[in-house]
Protein chains: 2
Amino acid sequence: MKNAMAKKLIIVEDDVIIREAFVTLINQSSDYIVVNAYSNAEDAIKKIKEDAPQICLMDIELPGMSGIDAIPKIKAILPDTHVVVVTVYENDDLVFKALCEGASGYLTKNTPSAKLIESLKELDSGGAPMSTNIARMVVSSFHKNRQTPLTARELEVLELLSSGKSYSTIATQLFIDKETVKSHIKNIYLKLEVHSKAEAIEKARKSKYI
Amino acid sequence: MKNAMAKKLIIVEDDVIIREAFVTLINQSSDYIVVNAYSNAEDAIKKIKEDAPQICLMDIELPGMSGIDAIPKIKAILPDTHVVVVTVYENDDLVFKALCEGASGYLTKNTPSAKLIESLKELDSGGAPMSTNIARMVVSSFHKNRQTPLTARELEVLELLSSGKSYSTIATQLFIDKETVKSHIKNIYLKLEVHSKAEAIEKARKSKYI
DNA sequence: AGTGTGCTCACCCTTTTTGGGGTATTTTGG
DNA sequence: CCAAAATACCCCAAAAAGGGTGAGCACACT
């Protein structure tokens, strides 16, 4: 028997076995009800308004539109619906792309059943369910590289440069002369082996110096 | 009785009640052993080399050096030690600062005992333990604002501008004329009510348009 | 005492970039 | 078909970028 306040879900997953398994599993919980399950994103989006789910479990690899691209389309129609990606991929690019597009969580398909239901509850209590490795990837993305050829001052300058500031503005902000800023930047270019702002920023971002 | 492979922990927490509670709790687990507990960061750092912990539980509000500032100092000595922040603060700035400085996890002090031990295990299995609200904050930090006055093309241009690229470079990359890039940027400045690259980037970042 | 590194500042030079003004055409979506 | 968006072009002056060279000062390390 369903709770009167049971949350509505939809599932988008092309593998019929997995899809049905999810439906069965989730419908066993009295707090959640699967209102629809789709094998592709296009159909799900077409019906999303009437389904009006609070939660959407989304696979990435789908025939036609990818699950990643489907996220912003769903959020455009129902901004408060939580889209949780459920996939086999633990690839950096996909994870961050999904999160940037608006995913509220990212689970890998080896997630045990109990953990899946628990993840749904986390959504309601203001959380963001992630599989172990995903959480590590996300947290690591904030970490800076502590092995940098640049000095602390150079990092400061590069940081400001990367926010679009001009030499003069950086100088004012650091209470130093514009010529000193130029010196620092010359040294930065030397050390990073680049010859322009854009290259320096790209290299520094890639190496996580900033 | 401790497991032979028991992980070594240190605890840095100024409140003696809480500190002792952590010690007692963690020492009950056969997989973890508290080798030392400190009431301030300075002492912990002084002894970190001989303590050689795999994990460090770190409070933020401490007498003297803050727990945030202690993180990079610890990682400088023992790069592979996981520092987990355990604090009452759920403030955005502190969370992201801690993660940027190298924290492997961020727990709030209301974390139940069982969950704390579970969090330690998550560290070993390649995870990043976070309290519910923290996980949401971290994931939300990736989300873009879908309500933007800018068009898709303008966002593309602004994105490239924010990576330090010049008008010409942006033009080449988008297969359009430099003059067109200028037009887009003029419109961006108009819409964002700014008059320079730096202001535009700052405003766009703050509003999470990019 | 000498060496090296980092931070600071200065002056030279040229080229590129930027921002603001205006105008106009084509493309696209509803 | 209309409006919005994307595209392109003109002119102009100020600012910024980049590259070169040199040099003083402090601090740490040997």
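Each chain gets a letter, A, B and so on, in the order its sequence line appears, and its residues count up from 1.
Taking the ring pair (Phe, Tyr, Trp, His ring centres under 6.0 Å) definition, one finds that A:Tyr167 meets it with nothing, sequence neighbours left out.
Between B:Arg153 and B:Glu156 there is a salt bridge, since a side-chain N of the basic residue sits under 4.0 Å from a carboxylate O of the acidic one. Between A:Asp59 and A:Arg19, none of the side-chain N atoms (NZ, or NE/NH1/NH2) sits under 4.0 Å from a carboxylate O, so this pair counts as no salt bridge.
With rounding to the nearest 0.5 Å, the separation of NE2 in A:His143 from CD in B:Glu101 is 10.0 Å.
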| request: For nucleotides 4-14 of chain D, just jot down a letter per nucleotide in 5' to 3' order: B, S or -, based on protein non-hydrogen atoms under 4.0 Å. | output: -SSBBBBB---
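For the pair B:Leu192 CG and C:dG20 P, the interatomic distance rounds to 13 Å; values are reported in whole Å. If you take CG of A:Leu161 and P of D:dA17, they are 7 Å apart, rounded to a whole angstrom. Rounded to an integer number of Å, the gap from B:Ile170 CD1 to C:dT17 P is 11 Å. Protein atom CG of A:Leu160 is 12 Å distant from nucleotide atom P of D:dA17, rounded to whole Å.
Between A:Tyr209 and A:Ile188, the closest side-chain pair of non-hydrogen atoms is not below 4.5 Å.
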| query | How far apart are the C-alpha atoms of A:Asn133 and A:Ser131, what are their side-chain angles, what is the distance that settles it, and do they pass the side-chain hydrogen bond (donor to acceptor under 3.5 Å, both in side chains) test? | reply | CA-CA 6 Å; A:Asn133 294 337; A:Ser131 298; over 6 Å; no
| Worked check of side chain to side chain contact (heavy atoms under 4.5 Å, CB included) between B:Leu160 and B:Thr169 | CA-CA 9 Å; B:Leu160 293 170; B:Thr169 310; over 6 Å; no
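Taking side-chain N and O atoms only, B:Tyr167 has a distance below 4.0 Å to OP1 or OP2 of C:dG19. Residue A:Tyr189 places none of its side-chain N or O atoms closer than 4.0 Å to OP1 or OP2 of D:dG19. Side-chain N/O atoms of B:Ser168 include one lying less than 4.0 angstrom from OP1 or OP2 on C:dT17.
Of the residues in residues 193-210 of chain B, those lying under 4.0 Å from DNA chain C by heavy-atom distance are B:His195, B:Ser196, B:Lys197.
Shown are A:Val86, A:Ile74, A:Ile10; of these, the side-chain contact (heavy atoms from CB on, under 4.5 Å) with A:Met58 is made only by A:Ile74.
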